Amino acid sequence: MDATALARSLLEPVPAHRTAGIEVLSAVDGAAEIAATTPPGLANVIGSLHSSGLIALVDAAGLAAIIAASESPDDFRGIVPLGAAASLDFLAPGRGRLTASCRLGPEAREALRPLLSGERDRARFSTVAEVTDEAGTPVCRGRFEWSVRRNPQA
């Protein structure tokens, strides 16, 4: 399913994502791509995107990929994804327009399937995202460990 519109409606209003200028470019079949132009307020001492901005990109790319695993918009109703742990590998300074991409691996898809179908109420898995600059140079790679549940009141 093309869940780009759903991912935009859920992710772009998040205050941290608005601060970082995050926009969802695509969220389809368990893969996502998001972008942001480095806001001056999130620059570090060398003028590149601060690690807090990079983790926001990695987080949003993982969330968009999770949303993109839905087979219908109703699949994601009541789903609450929470980060349990995160790590970043810094590869190069991130300046200008940056793009983060994430594709769910087989283990994440297998963990999510029964949650999205309503067979289970919890799942734990990880996502990996890569952030690149406009030239395609890798800026960082990040990993998120997720604890995802279905809110029974939704």
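For clarity, every value in this text was computed on a predicted model and none was experimentally measured. Note that these values count all heavy atoms, side chains included, but never hydrogens, waters or copies made by symmetry.
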Over 12 foreign heavy atoms within 6.0 Å of [atom1], [X]:
{"X": "Arg97", "atom1": "CZ", "result": "yes"}
{"X": "Glu119", "atom1": "CD", "result": "yes"}
{"X": "Arg18", "atom1": "CZ", "result": "yes"}
{"X": "Arg150", "atom1": "CZ", "result": "yes"}
{"X": "Glu71", "atom1": "CD", "result": "no"}

Do the side chains of [Y] and [X] get nearer than 4.5 Å, heavy atoms only?
{"X": "Leu63", "Y": "Phe144", "result": "no"}
{"X": "Pro93", "Y": "Ile46", "result": "yes"}
{"X": "Val148", "Y": "Leu82", "result": "no"}
{"X": "Thr132", "Y": "Thr137", "result": "no"}
{"X": "Val24", "Y": "Glu12", "result": "yes"}
{"X": "Ile67", "Y": "Leu11", "result": "yes"}
{"X": "Leu49", "Y": "Leu98", "result": "yes"}

To the nearest 0.5 Å, what is the distance between [atom1] ([X]) and [atom2] ([Y])?
{"X": "Ser101", "Y": "Leu57", "atom1": "OG", "atom2": "CG", "answer": "11.0 Å"}
{"X": "Glu23", "Y": "Glu33", "atom1": "CD", "atom2": "CD", "answer": "10.0 Å"}
{"X": "Glu107", "Y": "Leu112", "atom1": "CD", "atom2": "CG", "answer": "12.5 Å"}
{"X": "Leu6", "Y": "Arg77", "atom1": "CG", "atom2": "CZ", "answer": "9.5 Å"}
{"X": "Phe76", "Y": "Ile66", "atom1": "CZ", "atom2": "CD1", "answer": "6.5 Å"}

Next on the checklist: Quick check: is Val128 connected to Ile34 through a chain of hydrophobic side chains (ILVMFWY, heavy atoms under 4.5 Å apart)?
Outcome noted: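 In one cluster with Ile34: Val128, no.
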
Checklist entry - Same hydrophobic cluster for Phe90 and Val58, using side-chain heavy-atom links shorter than 4.5 Å among ILVMFWY? => result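 Yes, it is one cluster - the side chains of Phe90 and Val58 are joined through contacts under 4.5 Å.
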
Has [X] got a side-chain atom pairing as donor or acceptor with [Y]'s backbone, closer than 3.5 angstrom?
{"X": "Ser48", "Y": "Arg95", "value": "no"}
{"X": "His17", "Y": "Ile22", "value": "no"}
{"X": "Asp29", "Y": "Met1", "value": "yes"}

Might you point out which heavy atoms bring [X] and [Y] nearest each other, and give the distance in Å?
{"X": "Leu88", "Y": "Ser51", "result": "CD1-O, 4.0 Å"}
{"X": "Gly30", "Y": "Arg109", "result": "CA-NH2, 3.6 Å"}
{"X": "Ile55", "Y": "Ala86", "result": "CD1-CB, 3.8 Å"}
{"X": "Ala27", "Y": "Ala7", "result": "CB-CB, 3.8 Å"}
{"X": "Ala61", "Y": "Ala129", "result": "CB-CB, 4.0 Å"}
{"X": "Pro138", "Y": "Ala92", "result": "O-CB, 3.6 Å"}

Next on the checklist: Walk me through whether Ser52 and Leu42 qualify under side chain to side chain contact (heavy atoms under 4.5 Å, CB included).
Outcome noted: CA-CA 8 Å; Ser52 61; Leu42 288 180; 4.2 Å; yes

Checklist entry - Distance only, no hydrogens: is a donor on one side chain within 3.5 Å (strictly under) of an acceptor on the other, for Thr4 and Asp2? => result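 Yes, Asp2 and Thr4 have a side-chain donor paired with an acceptor closer than 3.5 Å.
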
Item to check | Trp146 versus Thr127, side-chain donor and acceptor atoms under 3.5 Å | outcome: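 There is such a pair between these side chains.
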
Checklist entry - Can you check side chain to side chain contact (heavy atoms under 4.5 Å, CB included) on Val80 and Arg149, steps first, answer last? => result CA-CA 5 Å; Val80 180; Arg149 66 179 171 86; 4.1 Å; yes

Next on the checklist: Name the residue from Arg143, Arg141, Glu145 that meets the side chain to side chain contact (heavy atoms under 4.5 Å, CB included) definition with Ser87.
Outcome noted: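 Of the listed residues Arg143, Arg141, Glu145, the side chain to side chain contact (heavy atoms under 4.5 Å, CB included) partner of Ser87 is Arg143.
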
